[in-house]
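To find a chain, count down the sequence lines: A is the first, B the second, and so on, and within it residues start at 1. All heavy atoms count here, side chains included; hydrogens, waters and symmetry mates do not.
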There are 2 protein chains.
Amino acid sequence: MNKETREKLLDAFYAKCRESRLSVTPQRLAIYKTLIGNKEHPSPEMIFKDVQSQFPMISFATVYKTLETFEQNGIVSKVTHLHNTLRYDPMTEQHHHIVCKRCKKIIDIDSTEIETLKIPSQVTKDHIFIDYDVHFNVICAECKMKE
Amino acid sequence: MNKETREKLLDAFYAKCRESRLSVTPQRLAIYKTLIGNKEHPSPEMIFKDVQSQFPMISFATVYKTLETFEQNGIVSKVTHLHNTLRYDPMTEQHHHIVCKRCKKIIDIDSTEIETLKIPSQVTKDHIFIDYDVHFNVICAECKMKE
DNA sequence: TTTTTATATTATAATCATTCCTAAATCAAA
DNA sequence: TTTGATTTAGGAATGATTATAATATAAAAA
């Protein structure tokens, strides 16, 4: 990543923190910098290890808490909202799902309702393509009511 | 679900087991029956509880192992292959990913490479739509070589 | 600048999902 | 029926995540 892009991202980070009234602590800044410097979509553990080289005293709890705070304020995103447990489906033909971000409810989508995507060349070029999944992330009616 | 659909699914199950040389044990059959009778995309724990009512002696290990065996033989599918740990992304604008089923490597897809999907009415009807994610599931070059 | 209040961090314990291991049971093949 | 392979139960071990309580830091008010 070039310097300009990095500067822009950091400016946006400060702006978002100001907007959300989050103080930019050294730990938070280090965690964010690790994220923008890492293309691997890191796990909390990877981030912890990275940040630890600058902050030997940082704790796991801080990393977890900070990431959650960032996510809730639109500073970073999760790659999947279904990370906490395995979920199985007896239907093996390709079809797609609606996922509630809150309660993790999963609903099948009627296949006729959704177009077929072309597979990007980037996918087939270096990899063996298997299939693709589409997750429509929502807040379901029940969770909305609870707010 | 009506009786016919159920019968068809069970026939297909027996056929697939024969094909894959998997014996149809009472536990396996009960786990499969639970799956086809449950629209919630159940977790191993939910399946365990369900099956326990008929097999009080069944163990968690059996449920986990059976589900993995089923998945590897195309009898059931996982809703996501990124279930075991949180993964974060500093990019909050919608974009999509290539995911290796084996090593869980995650790669960003150039957004211009992929069409925009229409949001199905089923998504907007009862839920608050947030965004959608597309995961292209692959075996990456490195994992392929290791085979 | 001090005092107060709220927020953030650390360290550790607790929890929860998943996997590993071993012995017993069952199944399949010779 | 003996042998070998597969499957299962049960419990221990591991790994990720969350909760808790005490301390430290930052922001707001005086």
* Length of the line joining Arg21(A):CZ and dA26(D):P, which is rounded to integer Å -> 20 Å

* **Shared hydrophobic cluster for Ile109(A) and Ile128(B) (ILVMFWY, side-chain gaps under 4.5 Å)** => no

* Asked: Thinking salt bridges, do Arg87(A) and Glu40(B) make one under a 4.0 Å N-O criterion?
  -> no

* To do: Check the distance between dT17(D)'s C1' and Phe48(A)'s CZ and give it to me in whole angstrom.
  => 14 Å

* **d(CD, Glu68(B); C1', dT8(D)) in whole Å** => 16 Å

* Is it true that Phe48(A) and Phe55(A) have ring centroids separated by less than 6.0 Å? -> no

* Asked: Rounding to a whole Å, what distance do you find between Lys104(A):NZ and dT17(D):C1'?
  -> 13 Å

* Run the ring-centre check on His97(B) versus His41(A) and record whether the distance is less than 6.0 Å. => yes

* Starting from C1' on dC16(C), measure out to CG on Leu86(B) and report it in whole angstrom. => 14 Å

* To do: Rounded to the nearest angstrom, tell me the gap between atom CD1 in Ile31(A) and atom C1' in dA8(C).
  => 11 Å

* **Interatomic distance where CG belongs to Leu22(B) and C1' belongs to dC27(C) [whole Å]** => 13 Å

* Asked: For Thr85(B) and dT17(D), is the shortest distance between a side-chain N/O and OP1 or OP2 below 4.0 Å?
  -> yes

Might you list the N or O atoms of the protein lying below 3.5 Å from N or O atoms in nucleotides 20-24 of chain D, with each pair's distance?
none

* Nearest to the side chain of Met57(B) - dA27(D), dG10(D), dA17(C)? -> dG10(D)

* Asked: What is the bend of the helix from dT1(C)-dA30(D) to dA30(C)-dT1(D) when you compare the axis at one end with the axis at the other, using five pairs each and rounding to 10°?
  -> 30°

* **Under 3.5 Å side-chain donor-acceptor pair for His95(A) and Asp89(A)** => yes

* **Presence of salt bridge, Arg102(B) and Glu142(B), under 4.0 angstrom** => no

* Asked: Does Glu45(A) come within less than 4.0 Å of Lys49(A), counting only side-chain N to carboxylate O?
  -> yes

* Ser23(A) side chain near dA8(C) phosphate (N/O to OP1/OP2, under 4.0 Å) -> yes

* How about His96(A) and Tyr132(B): are their ring centroids closer than 6.0 Å? -> no

* Structure fact -> Considering only heavy side-chain atoms of Tyr64(B), the closest of dA8(C), dA17(C), dT17(D) is dA17(C)

* Side-chain N or O of Gln27(A) closer than 4.0 Å to phosphate OP1/OP2 of dT25(D) -> no

* Asked: If you find the nucleotide of DNA chain D closest to Asn84(B) and the one closest to Val63(B), which residue's nucleotide is nearer the 5' end?
  -> Val63(B)

* To do: Check whether the side chains of Asn137(A) and Asp133(B) place a donor and an acceptor atom closer than 3.5 Å, and report yes or no.
  => yes

* Using modelled atom types only, decide if a donor and an acceptor are shared between the side chain of Thr80(A) and the backbone of Leu82(A) within a distance under 3.5 Å. => yes

* **Distance, rounded to the nearest Å, where Phe70(A) contributes CZ and dA8(C) contributes P** => 11 Å

* Find which nucleotide of DNA chain C each of Lys65(A) and Thr25(B) is nearest to by heavy atoms, and output the residue with the more 5' nucleotide. => Lys65(A)

